[in-house]
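Quick caveat, the model's predicted, so the values are computed rather than measured. Each ligand, and each atom within it, is numbered from 1 in the order the structure gives.
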Amino acid sequence: MSSTTYVPKVLTIAGSDSGGGAESRDLKTFTTLSVYGTSVITAITAQNTLGVQDVHPLPIPAITSQLRSVLTDIPIDAAKTGMLFDAATITAVCRTLNEYRVPNLVVDPVMVATSGDVLLAHDAVSAMVESLFPLATVVTPNVPEAERLVGFPVKSVEDMRSAARALHGLMGGGDAGRARWALVKGGHMPLDAEGRAVGSGGESAPVVVLDVLFDGTEFVEFRNPFVRTRNTHGTGCTLSAAIVAGLAKGFDVPKAVADAMTFLAKAISTTFPVGSGSGPLNHFHQPDSVAEP
Ligand SMILES: Cc1ncc(COP(=O)(O)O)c(N)n1
């Protein structure tokens with residue numbers, strides 16, 4: 001890379017993960033996708049492939065001063081939020097983000113870890129919707145998170161579309177001329193060969209994962225083969241970080257999401273064991289099918 005090549009700059013605002021996941025995993029994704037990653041840590045987690053053993057939220061001034069250090073100096077092209085832990089953190093992050101102009105914000109509404117450990121206080125969901133969603137370019141809940149956010153069950157493809165529509169409404173619709181996109185990720189609700197959610201009646205094998213993207217007008221749907229592996233720790237973090245990388249490179253949301261899905265599909269299908277629990281994805285693989293700017 002020559003010194004005149006523009007390197008997009010990106011930011012992750014998330015919890016740390018001693019086991020090499022979370023915000024450090026985002027930095028791995030950023031590096032593999034050739035963007036310069038910065039990070040603001042919201043909470044220290046003691047964590048490994050077996051679960052989250054401990055969470056230490058950082059004091060609010062420690063979070064806002066990290067954010068200011070990055071945003072007053074480094075021109076961030078795109079950012080993401082991951083684990084924000086509680087309402088006070090969400091409010092402080094939003095207040096600080098509002099002081100600076102971050103052109104693209106991907107909100108991964110992290111609530112519960114793969115291990116089942118709680119990463120967002122119950123009373124913080126409304127702060128997330130009221131303060132953070134209006135700042136987002138894309139929100140990326142999985143099915144259980146979407147259910148919490150929209151308040152109705154998501155058990156079918158039609159429910160996923162309804163949830164994407166409701167989420168788009170929660171983001172403030174398409175006001176102020178800004179395109180906003182809701183992405184409902186179906187990894188927790190794989191579909192059988194007939195397109196029915198597995199477990200919704202009858203014995204059927206998971207074949208495909210559907211993700212639904214909606215901008216208030218158009219549905220864009222992504223279908224990827226279902227991969228049976230226990231190494232799914234960090235799937236959502238990796239996807240949202242890869243979307244950030246694409247947006248920072250100047251791609252529009254559907255293209256950034258499509259490339260991120262391609263990257264994720266390969267990262268899931270080439271995982272390797274790390275600990276004795278749910279291992280991480282393979283962030284080392286070269287994204288040969290992801291277009292460079
Ligand atoms: C700090 C932090 N942020 C996010 C996740 C969610 O990732 P996963 O659902 O793979 O456990 C996590 N476990 N820890």
Side-chain angles (χ1 to χ4, degrees), residues 10-30 37-58 62-63 66-67 79-86 89-90 93 106-122 124-125 128 132 139-149 183-190 209 211 227-244 260-261 263-265 267-283:
V10 297
L11 164 66
T12 176
I13 305 167
S16 78
D17 176 350
S18 49
E23 136 295 335
S24 44
R25 172 168 53 210
D26 289 344
L27 294 176
K28 294 172 194 176
T29 303
F30 293 154
T38 62
S39 83
V40 166
I41 294 184
T42 56
I44 309 286
T45 73
Q47 190 171 172
N48 55 26
T49 65
L50 296 170
V52 182
Q53 289 81 43
D54 212 352
V55 176
H56 295 273
L58 288 188
I63 299 170
Q66 289 177 82
L67 257 178
K80 67 161 270 192
T81 59
M83 175 190 179
L84 295 176
F85 192 62
D86 60 12
T89 301
I90 292 172
V93 165
V106 178
V107 171
D108 183 4
V110 171
M111 294 182 188
V112 178
T114 304
S115 53
D117 299 287
V118 174
L119 300 177
L120 182 73
H122 278 276
V125 174
M128 181 176 275
L132 191 57
V139 296
T140 66
N142 57 33
V143 163
E145 289 160 352
E147 288 180 322
R148 274 283 295 286
L149 289 162
L183 176 68
V184 179
K185 303 175 298 188
H188 291 70
M189 196 190 81
V209 170
D211 301 286
V227 178
R228 189 173 294 284
T229 172
R230 68 192 297 227
N231 297 333
T232 56
H233 182 40
T235 310
C237 305
T238 302
L239 182 78
S240 53
I243 296 171
V244 166
M261 299 277 178
F263 177 72
L264 187 72
I268 292 183
S269 59
T270 59
T271 62
F272 50 89
V274 168
S276 48
S278 174
L281 311 187
N282 174 10
H283 296 92

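Partners of Ser278 under the side chain to side chain contact (heavy atoms under 4.5 Å, CB included) rule, at least two apart in sequence or in another chain, are Thr114, Thr232, His233. Contacts of Thr38 classified as side chain to side chain contact (heavy atoms under 4.5 Å, CB included), with partners at least two apart in sequence or in another chain: Leu11, Tyr36, Val70, Ile74, Ile76. Applying the side chain to side chain contact (heavy atoms under 4.5 Å, CB included) test to Arg148 and every residue at least two apart in sequence or in another chain returns Met111, His122, Val125.
No hydrogens or angles considered: a donor-acceptor pair under 3.5 Å links the side chains of Thr89 and Asp86. Using a 3.5 Å distance cut-off with no hydrogens or angles, the side chains of Lys80 and Thr12 do not pair a donor with an acceptor.
Protein residues with a heavy atom under 4.0 Å from ligand 1 are Gly15, Ser16, Ala22, Arg25, Thr45, Gln47, Met83, Val110, Ala113, Thr114, Leu119, His233, Gly234, Cys237.
Asp211 contributes a side-chain N or O that, together with a main-chain N or O of Gly186, makes up a donor-acceptor pair within less than 3.5 Å.
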